[in-house]
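In this text the structure is predicted, and so the values were computed from the model without any measurement.
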Amino acid sequence: MMAAAADGLGSIAIDTTQLNMSMTDPTAWATAMNNLGMVPVGLPGQQLVSDSICVPGFDPGLNMVTGITPINPMMPGLGLVPPPPPTEVAVVKEIIHCKSCTLFPQNPNLPPPSTRERPPGCKTVFVGGLPENATEEIIQEVFEQCGDITAIRKSKKNFCHIRFAEEFMVDKAIYLSGYRMRLGSSTDKKDSGRLHVDFAQARDDFYEWECRQRMRAREERHRRKLEEDRLRPPSPPAIMHYSEHEAALLAEKLKDDSKFSEAVTVLLSWIERGEVSRRSANQFYSMVQSANSHVRRLMNEKATHEQEMEEAKENFKNALTGILTQFEQIVAVFNASTRQKAWDHFSKAQRKNIDIWRKHSEELRNAQSEQLMGIRREEEMEMSDDESCDSPPKKMRVDESALAAQAYALKEENDSLRWQLDAYRNEVELLKQEKEQLFRTEENLTKDQQLQFLQQTMQGMQQQLLTIQEELNNKKSELEQAKEEQSHTQALLKVLQEQLKGTKELAETNGHSHEDTNDINVLTVALVNQDRENNMEKRSHGLKSEKEALLIGIISTFLHVHPFGANIEYLWSYMQQLDSKISANEIETLLMRLPRMFKQEFTGVGATLEKRWKLCAFEGIKTA
């Protein structure tokens, strides 16, 4: 495959204008290396990186001693060379001229050559596609521009392995992957080939990388050990050996309060070592006696500290009580603000903030109260522990006066503690009673509210029932009156019909004229109308409620404003604006009950016939 590729590349015609420069022209090589940010080594010409910005005397193998990773002076970000162009911009490769060969770049439209994953600590590259006539000298001439070469292993099958001195030199060699190499100006297939440079996995590289990793691990362990040694607490001072002189000095130190701790440590070490003997027993006894003399001092210090602690506890409890009282006052302020009188005047945002503040204050108040109750419970437990403790104190050799004073002090302390215990118990009982009363008052309030709500609902239902019963009785009375009127009118009608028949018969027999019969008919109609008026007067015997009087006043005013009258729908639409529950039938029955105040007239002809109600109360007053 390599030979076929070389044959194909060798058959490509080469423009003579590309060969018009000498084989040792350093400009093309420098341009190609500049695209990768590399400095061509071993070629005459202008150096791409000036000596002023290079690190003088840079030794890449410095890491083998100090554990520093290899530093690449060509690496971007170190300030030695300009950073490479961004990856989006394609690097333009140019022709590279060497003494024995020429390197031609591949077509820029083709994809870049692929490479394998880089092994750790890689310093060796695989170079394939070499010309068959390529020698190690030519390979070294081409690749020594990338850096110092330590070894070249060439195979007979047109590939080789090149090992560089540093890892960053491998990146420069990878840049040459894809170039077509031609030896001299020959067009023979054996003198040309397409280079393929890739990472190679070598045991030597991996071994050196492992060595560096182990060295860094050792340095890290050493650094951690130094850090632990620095942070470790200092060792206790060395204790001197026993001697009579040192024992005398130690006895003086034991009498001093400031040096007692250090001296008693030395004394304990001597006794544990077995320095006590018959000869030194008296001296050790005196030192033990001196140590015992500090017991009273320590007990007095403990008593003073306990007294200070009790005073601090009392001050803390008093301060906590004051804080709890202030919290109660703040909660009371919030509760007063949430009442109806003040709550209605606040805006919606202000109400929201007040509600949030009130909840927060109540939570803090409850927390403070629980803390205070916890302190009191602890004090009660301490009191009960002191009472239940029956073990007598150790007997101490003190004077009789000291024993009496101590007994008197213990008695007074016992009495004060008993009084405090009684006071705390009373306070706890009061708190329990207050809590129970508060709970009961809350329950009573909720029950009272529920009872009041139920009573209000019952009263409303009773009122509704009474009104319904009243309306039912009114309807029954009206129905009975209508039945009576109907029966009365029927009886009257029968009587009138009989009278009419009798009068007709008399007229026929006596020969009365037609005018007499008309007068009789008019008389009967007048009687019927009078009877109807009497019935209407009976029906309108009076107003039943204040509501009807109010409706009559409003309707009278409305009809007085409308002298030509108004139909029942118009009147009902006006009254419904004042009372939405009123119906047109109620208004019409009310108007019919008062014929002397309201009268009904028919206006229009045919389809435009309309019933209208008018106010006739003032006409009745004028006629009267």
Side-chain angles (χ1 to χ4, degrees), residues 2-48 74 84 90-115 125-149 152 154 158-162 164 169-200:
M2 290 292 181
D7 295 341
L9 293 172
S11 61
I12 299 173
I14 301 173
D15 191 2
T16 55
T17 57
Q18 296 178 356
L19 304 175
N20 57 359
M21 58 181 67
S22 62
M23 299 296 290
T24 59
D25 186 9
T27 306
W29 176 263
T31 304
M33 292 295 105
N34 191 24
N35 292 330
L36 188 62
M38 299 185 294
V39 181
V41 182
L43 285 178
Q46 185 179 0
Q47 188 176 357
L48 296 179
M74 310 301 295
V91 178
V92 179
K93 296 184 177 181
E94 297 182 358
I95 299 173
I96 301 173
H97 298 280
C98 300
K99 293 180 180 179
S100 304
C101 63
T102 306
L103 301 177
F104 298 94
Q106 68 175 1
N107 189 357
N109 296 325
L110 296 176
S114 60
T115 56
V125 294
F126 166 81
V127 182
L130 292 171
E132 294 183 9
N133 296 331
T135 60
E136 289 188 8
E137 290 78 11
I138 297 173
I139 296 171
Q140 185 169 3
E141 178 187 355
V142 173
F143 284 94
E144 72 180 354
Q145 310 300 327
C146 302
D148 296 335
I149 297 174
I152 297 176
K154 188 177 181 302
N158 301 332
F159 70 89
C160 69
H161 289 85
I162 303 174
F164 291 96
M169 300 176 183
V170 175
D171 299 325
K172 299 180 181 181
I174 295 295
Y175 174 78
L176 299 177
S177 181
Y179 272 83
R180 185 169 59 83
M181 183 177 181
R182 193 182 66 181
L183 303 179
S185 58
S186 174
T187 57
D188 193 1
K189 294 180 180 179
K190 295 183 179 181
D191 294 335
S192 65
R194 176 76 65 181
L195 298 181
H196 175 70
V197 186
D198 199 354
F199 300 107

Looking at [Y], is its backbone amide N or carbonyl O close enough to the side chain of [X] to form a donor-acceptor pair, meaning the two atoms are under 3.5 Å apart?
X: Glu141; Y: Cys98; answer: no
X: Arg182; Y: Leu103; answer: no
X: Lys93; Y: Tyr175; answer: yes

Discussion item. Could you work out, with side chain to side chain donor-acceptor pair (under 3.5 Å) as the rule, every residue matching Glu137, not counting sequence neighbours?
Written reply: Thr135
Practice prompt. Output all residues satisfying side chain to side chain donor-acceptor pair (under 3.5 Å) with Asp191, sequence neighbours left out; order by chain, then residue number.
Written response: Asn133, Ser186
Item to complete: Using the six-membered ring wherever Trp is involved, compare the ring planes of Phe126 and His196 and label them parallel, tilted or perpendicular (cut-offs 30° and 60°).
Response: perpendicular
Tell me the closest heavy-atom pair linking [X] and [Y], and the distance in Å.
X: Val125; Y: Ala200; answer: C-CB, 3.9 Å
X: Leu195; Y: Leu176; answer: CB-O, 4.1 Å
X: Gly193; Y: Pro131; answer: N-CG, 3.8 Å
X: Asp148; Y: Met169; answer: N-SD, 3.4 Å
X: Gly128; Y: Phe159; answer: CA-CB, 3.9 Å
X: Leu183; Y: Ala134; answer: CD1-N, 3.9 Å

To the nearest 0.5 angstrom, please state how far the [atom1] atom of [X] sits from the [atom2] atom of [Y].
X: Ile162; Y: Ile139; atom1: CD1; atom2: CD1; result: 6.0 Å
X: Thr102; Y: Lys99; atom1: OG1; atom2: NZ; result: 14.0 Å
X: Met181; Y: Ile138; atom1: CE; atom2: CD1; result: 6.0 Å
X: Arg180; Y: Ile95; atom1: CZ; atom2: CD1; result: 9.0 Å
X: Lys190; Y: Asn158; atom1: NZ; atom2: CG; result: 10.5 Å
X: Phe104; Y: His97; atom1: CZ; atom2: NE2; result: 7.0 Å

Worksheet entry | pair Ser177-Thr115: side-chain heavy atoms closer than 4.5 Å | no
Worksheet item: Is any side-chain heavy atom of Ile152 less than 4.5 Å from a side-chain heavy atom of Phe143?
Response: no
